[in-house]
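Accompanying notes for the structure given below.
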Amino acid sequence: MSSEDNIKKARAGVSAQQALRDTVNRLQTMGAVVHVQEKPTYGYPGYDPDQFFAHMGITFADGEEAILYATASLSSDRVRAHQWNAFNIKKIDPYATHAYLILPDSQKINERSNEPIVEIRSKRIVSALDDVLTTQELYELGTKKLAAVSRKGANNDLQGKSFEEVIKDILKSESNVARFKGDTSRVGFWYDIFAEIMKVCDVRPDHLVRISATTAIKPNARGGSPKTDVAAWVYFDNGTMRTLTFSVKNTSQKSVSVHEYPADTFADVLDSANDSLRAALRVFQRAGSMQKMTQKQRDALTRELKPYLFQLDRWVFGGHGDPAFTPLQCADYLIVHDKNSYRVAVHKTEDYCRLLEKENDGTTGFGSIFGWTYPSKKRGKSIQLKGKIVF
């Protein structure tokens with residue numbers, strides 16, 4: 001192996017450790033990790049106290065302590081070395097009950113011929129390493145443990161906001177951009193998701209220079225929440241710049257609340273001159289549910305909504321068509337994270353609307369793709385829509 005190859009491998013190792021550190025920092029910020037020790041060392045009494053090491057030691061919110069090893073290489077020798085260290089550390093420190101080998105992304109895990117991964121993950125061998133995880137899987141493990149010891153409502157909101165921050169970090173990662181442009185010594189930060197976002201947004205590596213991102217999006221002109229959760233600015237070497245806006249859905253539910261406004265706002269956005277539509281929306285708002293409306297009233301709202309269904313979809317999921325939203329506050333893309341399967345999917349907002357409309361048989365929600373209800377304690381004052389989450 002050439003010296004240049006050795007240098008690239010060393011850089012990849014450092015990059016993998018940084019990806020681990022970034023993930024743990026995010027878990028620590030949200031309270032899923034309550035203690036971190038960088039590069040701890042261990043030794044038996046009377047022997048070298050630094051004989052055995054880990055890249056990181058952490059304590060999860062549920063009290064579990066774990067030692068972590070970051071690697072971009074899964075050579076048998078490298079894995080055996082980490083197993084030897086983990087075996088002895090567990091004997092020395094009874095509180096270090098778990099040891100994980102952390103990969104920066106799923107690329108090597110998906111290589112089924114990789115014997116160390118197959119053996120450890122399938123539990124075919126006895127190993128001091130409890131599992132091989134990607135940085136994303138480590139994050140999911142931490143959030144799962146946090147959920148087990150937290151109040152449900154507050155924890156769901158915290159996880160949602162934290163995942164938005166993760167997406168921001170993924171987008172602005174210099175290491176991701178470098179790997180995307182062909183630097184094999186950089187492993188990136190959750191690179192799988194970064195690559196999928198670039199693909200869906202049709203961003204190519206050729207002339208890409210850097211990406212900046214933020215979650216600090218101002219409220220809309222009505223004081224309500226913007227549809228954009230994360231905004232990114234993509235800079236190219238010809239001096240041009242492109243803005244990308246994302247709505248992030250982080251949920252374990254098949255349907256979530258996606259929209260809430262008074263009936264008159266619905267009417268103003270869809271067609272301010274359509275008095276029949278406005279009247280039908282007001283009837284639903286007073287009733288609060290389809291069941292409390294007469295058949296004639298349900299038919300009227302279904303009929304009046306029909307010409308505006310796709311316009312409603314784009315407003316609900318992206319804020320498009322609403323004069324109270326600036327372009328930055330309108331989401332052109334959706335990032336959907338399933339907390340059950342850990343899957344992440346990226347869609348253009350309009351494609352997502354078309355996907356749901358394709359499944360729409362027109363028999364529910366006044367012909368729309370949404371479930372219609374009212375927000376808690378706001379019957380007669382506002383309309384709430386629930387949207388299906390699909391991948």
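Fair warning: this is a prediction, and the values are worked out from it, not measured in the lab.
- Taking the side chain as every heavy atom from C-beta outward, Tyr139 and Arg26 approach each other to under 4.5 Å.
- Considering only heavy atoms from C-beta on, Ser175 stays 4.5 Å or farther from Phe189 through its side chain.
- Using a 3.5 Å distance cut-off with no hydrogens or angles, the side chains of Gln285 and Arg282 do not pair a donor with an acceptor.
- Within the 4.5 Å cutoff, side-chain heavy atoms of Cys353 are placed close to those of Phe310.
- Residue Asn25 holds its CG atom at 8.0 Å from CD of Gln18, rounded to the nearest 0.5 Å.
- Glu140 places a side-chain heavy atom less than 4.5 Å from the side chain of Thr143.
- Ion pairing between Asp105 and Arg179 holds under the 4.0 Å rule for side-chain N and carboxylate O.
- The pair Lys168-Glu165 counts as a salt bridge, with a side-chain nitrogen and a carboxylate oxygen less than 4.0 angstrom apart.
- Here the side chains of Pro205 and Lys181 are in contact, with some heavy-atom distance below 4.5 Å.
- With no hydrogens or angles considered, no side-chain donor-acceptor pair links Lys388 and Ser255 at under 3.5 Å.
- When the shell of 6.0 Å around NZ of Lys348 is examined, it contains 12 or fewer heavy atoms from other residues, nucleotides or ligands.
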Using the rule given for salt bridge (charged side-chain N to carboxylate O under 4.0 Å, His left out), can you reason through Asp268 versus Arg278, listing the C-alpha separation, both sets of side-chain angles and the distance that settles it, and then say yes or no?
CA-CA 8 Å; Asp268 290 340; Arg278 187 181 301 273; 2.7 Å; yes

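- Distance CG/Leu171 to CD1/Ile197: 4.5 Å, rounded to 0.5 Å.
- The same ILVMFWY cluster, assembled from side-chain heavy atoms under 4.5 Å apart, contains both Tyr333 and Val248.
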Could you go step by step and tell me if Gln17 and Leu20 meet the side-chain contact (heavy atoms from CB on, under 4.5 Å) rule?
CA-CA 5 Å; Gln17 290 184 44; Leu20 169 61; 5.5 Å; no

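- A distance below 6.0 Å separates the ring centres of Phe266 and Trp315.
- The closest side-chain heavy-atom distance from Val234 to Leu244 is below 4.5 Å.
- Here the rule is salt bridge (charged side-chain N to carboxylate O under 4.0 Å, His left out) with Asp322, and of Arg222, Arg314, Lys227 only Arg222 fits it.
- The aromatic rings of Phe317 and Tyr352 sit perpendicular, their planes meeting at an angle over 60°, well past the 30° parallel limit.
- Looking at Asn274 and Tyr308, their side chains do bring a donor and an acceptor atom within 3.5 Å of each other.
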Test Val166 against Gln136 for side-chain contact (heavy atoms from CB on, under 4.5 Å), laying out the working first.
CA-CA 10 Å; Val166 169; Gln136 182 185 346; over 6 Å; no

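- A heavy-atom distance below 4.5 Å is found between the side chains of Phe60 and Leu141.
- Exactly one of Arg303, Gln291, Met293 qualifies for a side-chain contact (heavy atoms from CB on, under 4.5 Å) with Arg298. That residue is Met293.
- One N or O on the side chain of Ser150 and one on the backbone of Leu146 form a donor-acceptor pair closer than 3.5 Å.
- For the 3.5 Å distance criterion, the side chains of Ser173 and Trp190 fail to qualify, holding no donor opposite an acceptor.
- A salt bridge links Arg21 with Glu38: the closest approach of a Lys/Arg side-chain nitrogen to an acidic carboxylate oxygen falls below 4.0 angstrom.
- In summary, Asp77 and Arg80 engage in a salt bridge, as defined by a charged side-chain N under 4.0 Å from a carboxylate O.
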